[in-house]
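Have a look at this one before I ask anything.
Start at 1 and go down the list; that is how both ligands and their atoms are numbered. These figures come from a predicted structure and were not determined experimentally.
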Amino acid sequence: MHQQLIIDKISGILAATDDSYDQKLTTLLDQAKRVFVSGAGRSGLIGRFFAMRLMHSGYDVSVVGEIVTPSIKAGDLLIIISGSGETEQLIAFTKRAKEIGAKILLISAKSDSTIGDLADAVFQVGTSELYGKVKGMPMGTVFELSTLFFLEAIISHIIHEKGIPEEEMRSRHANLE
Ligand SMILES: O=P(O)(O)OC[C@H]1O[C@](O)(CO)[C@@H](O)[C@@H]1O
(Lines give C-alpha, C1' and ligand atoms only; values in the text may rest on other atoms or scores of the structure.)
Protein backbone atom coordinates (compact mmCIF):
# COMPACT_ATOMS: atom_id res chain seq x y z
CA MET A 1 0.00 0.00 0.00
CA HIS A 2 2.75 2.46 0.91
CA GLN A 3 4.72 1.52 -2.19
CA GLN A 4 1.64 2.20 -4.32
CA LEU A 5 1.04 5.59 -2.66
CA ILE A 6 4.57 6.64 -3.47
CA ILE A 7 4.44 5.33 -7.04
CA ASP A 8 1.07 7.03 -7.64
CA LYS A 9 2.37 10.36 -6.33
CA ILE A 10 5.49 10.24 -8.49
CA SER A 11 3.45 9.16 -11.54
CA GLY A 12 1.12 12.14 -11.04
CA ILE A 13 4.04 14.56 -10.84
CA LEU A 14 5.74 13.11 -13.92
CA ALA A 15 2.50 13.15 -15.91
CA ALA A 16 2.20 16.88 -15.15
CA THR A 17 5.78 17.63 -16.25
CA ASP A 18 6.44 19.28 -19.61
CA ASP A 19 7.50 16.62 -22.17
CA SER A 20 9.69 19.08 -24.04
CA TYR A 21 12.24 19.21 -21.18
CA ASP A 22 13.88 16.01 -22.53
CA GLN A 23 14.97 17.71 -25.72
CA LYS A 24 15.60 21.11 -24.09
CA LEU A 25 17.91 19.67 -21.46
CA THR A 26 19.75 17.55 -24.04
CA THR A 27 20.32 20.70 -26.12
CA LEU A 28 21.60 22.65 -23.08
CA LEU A 29 23.99 19.79 -22.26
CA ASP A 30 25.24 19.58 -25.84
CA GLN A 31 25.79 23.35 -26.08
CA ALA A 32 27.78 23.49 -22.82
CA LYS A 33 31.57 23.20 -22.71
CA ARG A 34 31.36 21.42 -19.36
CA VAL A 35 28.56 20.59 -16.94
CA PHE A 36 28.45 21.24 -13.18
CA VAL A 37 25.76 19.76 -10.92
CA SER A 38 24.82 21.11 -7.51
CA GLY A 39 22.17 20.55 -4.85
CA ALA A 40 21.91 20.42 -1.04
CA GLY A 41 21.22 17.35 1.07
CA ARG A 42 18.95 14.79 -0.59
CA SER A 43 18.48 17.04 -3.63
CA GLY A 44 22.27 16.91 -3.97
CA LEU A 45 22.19 13.11 -3.88
CA ILE A 46 19.75 13.10 -6.80
CA GLY A 47 22.19 15.40 -8.60
CA ARG A 48 24.96 12.85 -8.06
CA PHE A 49 22.86 10.05 -9.58
CA PHE A 50 22.39 12.25 -12.64
CA ALA A 51 26.03 13.39 -12.81
CA MET A 52 27.29 9.80 -12.87
CA ARG A 53 25.02 8.86 -15.77
CA LEU A 54 26.02 12.04 -17.66
CA MET A 55 29.65 10.96 -17.27
CA HIS A 56 28.71 7.47 -18.53
CA SER A 57 27.00 9.16 -21.50
CA GLY A 58 30.22 10.98 -22.42
CA TYR A 59 29.70 14.46 -20.92
CA ASP A 60 32.44 16.35 -19.07
CA VAL A 61 30.66 16.68 -15.72
CA SER A 62 31.65 17.72 -12.20
CA VAL A 63 29.78 17.73 -8.90
CA VAL A 64 30.12 21.07 -7.08
CA GLY A 65 31.88 20.83 -3.72
CA GLU A 66 34.27 17.93 -4.40
CA ILE A 67 37.91 18.78 -3.70
CA VAL A 68 38.85 17.92 -7.30
CA THR A 69 36.05 19.99 -8.87
CA PRO A 70 37.57 22.58 -11.24
CA SER A 71 36.54 26.24 -11.53
CA ILE A 72 33.40 26.99 -13.51
CA LYS A 73 33.94 29.18 -16.59
CA ALA A 74 31.95 31.10 -19.20
CA GLY A 75 30.30 28.62 -21.55
CA ASP A 76 29.80 25.97 -18.85
CA LEU A 77 26.36 24.86 -17.63
CA LEU A 78 25.49 24.79 -13.92
CA ILE A 79 22.51 22.54 -13.14
CA ILE A 80 21.03 23.35 -9.72
CA ILE A 81 18.60 20.88 -8.17
CA SER A 82 16.51 22.59 -5.52
CA GLY A 83 12.88 21.92 -4.66
CA SER A 84 12.45 25.33 -3.04
CA GLY A 85 14.86 27.31 -5.22
CA GLU A 86 15.70 29.19 -2.01
CA THR A 87 18.59 27.26 -0.43
CA GLU A 88 21.12 29.89 0.59
CA GLN A 89 24.39 28.31 -0.48
CA LEU A 90 22.83 27.51 -3.87
CA ILE A 91 21.76 31.15 -4.28
CA ALA A 92 25.40 32.10 -3.66
CA PHE A 93 26.65 29.52 -6.22
CA THR A 94 24.11 30.78 -8.76
CA LYS A 95 25.19 34.42 -8.35
CA ARG A 96 28.88 33.52 -8.66
CA ALA A 97 28.34 31.31 -11.72
CA LYS A 98 26.25 34.04 -13.36
CA GLU A 99 28.94 36.71 -12.77
CA ILE A 100 31.45 34.37 -14.43
CA GLY A 101 29.23 33.89 -17.47
CA ALA A 102 28.16 30.27 -16.99
CA LYS A 103 24.64 29.25 -17.99
CA ILE A 104 22.36 28.20 -15.14
CA LEU A 105 19.49 25.73 -15.22
CA LEU A 106 17.32 25.28 -12.13
CA ILE A 107 15.35 22.06 -11.71
CA SER A 108 12.71 22.76 -9.07
CA ALA A 109 9.28 22.13 -7.63
CA LYS A 110 8.60 25.87 -7.97
CA SER A 111 8.09 27.95 -11.08
CA ASP A 112 9.15 31.14 -9.24
CA SER A 113 12.04 31.43 -6.77
CA THR A 114 15.16 33.43 -5.99
CA ILE A 115 17.38 30.98 -7.89
CA GLY A 116 14.80 30.75 -10.67
CA ASP A 117 14.88 34.54 -11.14
CA LEU A 118 18.67 34.40 -11.59
CA ALA A 119 18.74 31.27 -13.77
CA ASP A 120 18.68 31.17 -17.58
CA ALA A 121 16.03 28.44 -17.47
CA VAL A 122 13.78 26.78 -14.91
CA PHE A 123 12.41 23.28 -15.44
CA GLN A 124 9.55 22.69 -13.04
CA VAL A 125 9.02 19.04 -12.16
CA GLY A 126 5.22 18.71 -11.84
CA THR A 127 3.12 21.70 -10.83
CA SER A 128 3.00 23.70 -7.58
CA GLU A 129 -0.51 22.40 -6.77
CA LEU A 130 0.82 18.82 -6.66
CA TYR A 131 3.29 19.60 -3.87
CA GLY A 132 0.87 19.77 -0.92
CA LYS A 133 1.74 17.77 2.21
CA VAL A 134 1.74 13.99 1.70
CA LYS A 135 1.76 11.87 4.86
CA GLY A 136 4.62 9.37 4.57
CA MET A 137 6.53 11.51 2.05
CA PRO A 138 7.92 14.23 4.33
CA MET A 139 9.76 17.46 3.47
CA GLY A 140 11.41 17.17 0.06
CA THR A 141 10.63 13.50 -0.67
CA VAL A 142 8.04 14.10 -3.40
CA PHE A 143 10.37 16.46 -5.27
CA GLU A 144 13.47 14.36 -4.74
CA LEU A 145 12.01 11.05 -5.95
CA SER A 146 10.12 12.66 -8.83
CA THR A 147 13.30 14.44 -9.92
CA LEU A 148 15.27 11.18 -9.73
CA PHE A 149 12.83 9.60 -12.24
CA PHE A 150 12.64 12.79 -14.31
CA LEU A 151 16.43 12.88 -14.69
CA GLU A 152 16.66 9.13 -15.41
CA ALA A 153 14.16 9.73 -18.22
CA ILE A 154 16.46 12.47 -19.59
CA ILE A 155 19.30 9.93 -19.59
CA SER A 156 17.06 7.44 -21.39
CA HIS A 157 16.27 10.15 -23.98
CA ILE A 158 19.98 10.82 -24.49
CA ILE A 159 20.78 7.09 -24.82
CA HIS A 160 18.01 6.62 -27.40
CA GLU A 161 18.73 9.82 -29.32
CA LYS A 162 22.49 9.28 -29.55
CA GLY A 163 22.36 5.49 -29.74
CA ILE A 164 24.84 5.08 -26.88
CA PRO A 165 25.58 1.37 -26.30
CA GLU A 166 25.54 0.16 -22.69
CA GLU A 167 29.03 -1.31 -23.17
CA GLU A 168 30.35 2.17 -24.00
CA MET A 169 28.78 3.54 -20.81
CA ARG A 170 30.15 0.64 -18.78
CA SER A 171 33.64 1.23 -20.18
CA ARG A 172 33.57 4.79 -18.77
CA HIS A 173 32.54 3.65 -15.30
CA ALA A 174 35.17 3.89 -12.55
CA ASN A 175 37.45 0.85 -12.53
CA LEU A 176 38.94 1.70 -9.14
CA GLU A 177 35.57 1.57 -7.37
O1 LIG B 1 15.86 21.06 -2.48
P2 LIG B 1 16.08 22.27 -1.62
O3 LIG B 1 14.83 23.09 -1.44
O4 LIG B 1 17.25 23.09 -2.06
O5 LIG B 1 16.39 21.77 -0.19
C6 LIG B 1 17.41 20.91 0.15
C7 LIG B 1 17.18 20.44 1.55
O8 LIG B 1 16.03 19.60 1.56
C9 LIG B 1 16.35 18.32 2.04
O10 LIG B 1 16.59 17.52 0.91
C11 LIG B 1 15.29 17.80 2.96
O12 LIG B 1 14.21 17.21 2.36
C13 LIG B 1 17.65 18.50 2.76
O14 LIG B 1 18.44 17.39 2.67
C15 LIG B 1 18.29 19.70 2.14
O16 LIG B 1 18.97 20.43 3.07
Side-chain angles (χ1 to χ4, degrees), residues 1-18 20-22 24-26 28-29 32 34-55 59 61-69 71-72 76-100 102-155:
M1 175 211 171
H2 295 286
Q3 291 174 358
Q4 200 57 51
L5 283 174
I6 289 169
I7 288 167
D8 289 349
K9 187 67 205 174
I10 296 170
S11 297
I13 297 267
L14 295 178
T17 304
D18 190 337
S20 70
Y21 289 155
D22 284 5
K24 285 181 181 153
L25 184 39
T26 306
L28 284 173
L29 290 164
R34 298 172 304 160
V35 181
F36 289 72
V37 178
S38 188
R42 288 167 53 107
S43 297
L45 294 178
I46 304 308
R48 284 165 182 263
F49 267 74
F50 185 51
M52 183 194 265
R53 286 285 185 257
L54 287 179
M55 177 275 285
Y59 291 96
V61 59
S62 299
V63 172
V64 174
E66 301 291 338
I67 60 164
V68 292
T69 300
S71 55
I72 195 163
D76 293 336
L77 172 68
L78 173 62
I79 301 176
I80 302 253
I81 299 172
S82 175
S84 63
E86 301 294 343
T87 299
E88 257 180 63
Q89 57 159 336
L90 301 178
I91 296 174
F93 292 166
T94 304
K95 285 181 178 162
R96 186 93 184 93
K98 200 178 160 87
E99 277 163 20
I100 289 164
K103 210 171 216 179
I104 297 141
L105 166 66
L106 171 67
I107 298 175
S108 184
K110 300 272 170 64
S111 54
D112 291 310
S113 64
T114 305
I115 298 173
D117 287 349
L118 295 163
D120 297 279
V122 180
F123 289 178
Q124 187 182 22
V125 180
T127 61
S128 306
E129 302 78 60
L130 292 173
Y131 282 99
K133 274 193 174 180
V134 180
K135 193 168 182 182
M137 297 181 79
M139 296 177 277
T141 297
V142 173
F143 170 70
E144 291 147 9
L145 294 187
S146 301
T147 301
L148 175 65
F149 281 83
F150 168 72
L151 293 174
E152 282 301 332
I154 302 283
I155 296 294

Using the salt bridge (charged side-chain N to carboxylate O under 4.0 Å, His left out) criterion, which residues pair with Arg42? Sequence neighbours excluded.
Glu144
Restricting to pairs with a member in residues 131-140, which pass side-chain hydrogen bond (donor to acceptor under 3.5 Å, both in side chains), not counting sequence neighbours?
none
Could you tell me whether a side-chain N or O of Asp120 sits under 3.5 Å from a main-chain N or O of Ile104, the two making a donor and an acceptor?
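Checked: pair present.
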Sub-3.5 Å pairs, protein N or O with ligand 1 N or O:
from: ligand 1; atom 1: 1 (O); to: Ser43; atom 2: OG; distance (Å): 2.6
from: ligand 1; atom 1: 1 (O); to: Gly83; atom 2: N; distance (Å): 2.8
from: ligand 1; atom 1: 3 (O); to: Ser84; atom 2: N; distance (Å): 2.9
from: ligand 1; atom 1: 3 (O); to: Ser84; atom 2: OG; distance (Å): 2.6
from: ligand 1; atom 1: 4 (O); to: Ser82; atom 2: OG; distance (Å): 2.6
from: ligand 1; atom 1: 4 (O); to: Thr87; atom 2: OG1; distance (Å): 2.5
from: ligand 1; atom 1: 10 (O); to: Arg42; atom 2: N; distance (Å): 3.4
from: ligand 1; atom 1: 10 (O); to: Glu144; atom 2: OE2; distance (Å): 2.7
from: ligand 1; atom 1: 12 (O); to: Gly140; atom 2: N; distance (Å): 3.2
from: ligand 1; atom 1: 12 (O); to: Glu144; atom 2: OE2; distance (Å): 3.0
from: ligand 1; atom 1: 14 (O); to: Arg42; atom 2: N; distance (Å): 3.1

Taking Tyr21 for the side chain and Gln124 for the main chain, is one N or O donor matched with an acceptor at less than 3.5 Å?
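Confirmed, Tyr21 side chain pairs with Gln124 backbone.
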Only pairs at least two apart or in different chains count here, so list each side-chain hydrogen bond (donor to acceptor under 3.5 Å, both in side chains) that has a residue in residues 102-118.
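For residues 102-118: Glu86-Thr114.
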Tell me whether Asp76 contacts the main-chain N or O of Ala102 through its side chain, where contact means a donor paired with an acceptor under 3.5 Å.
no
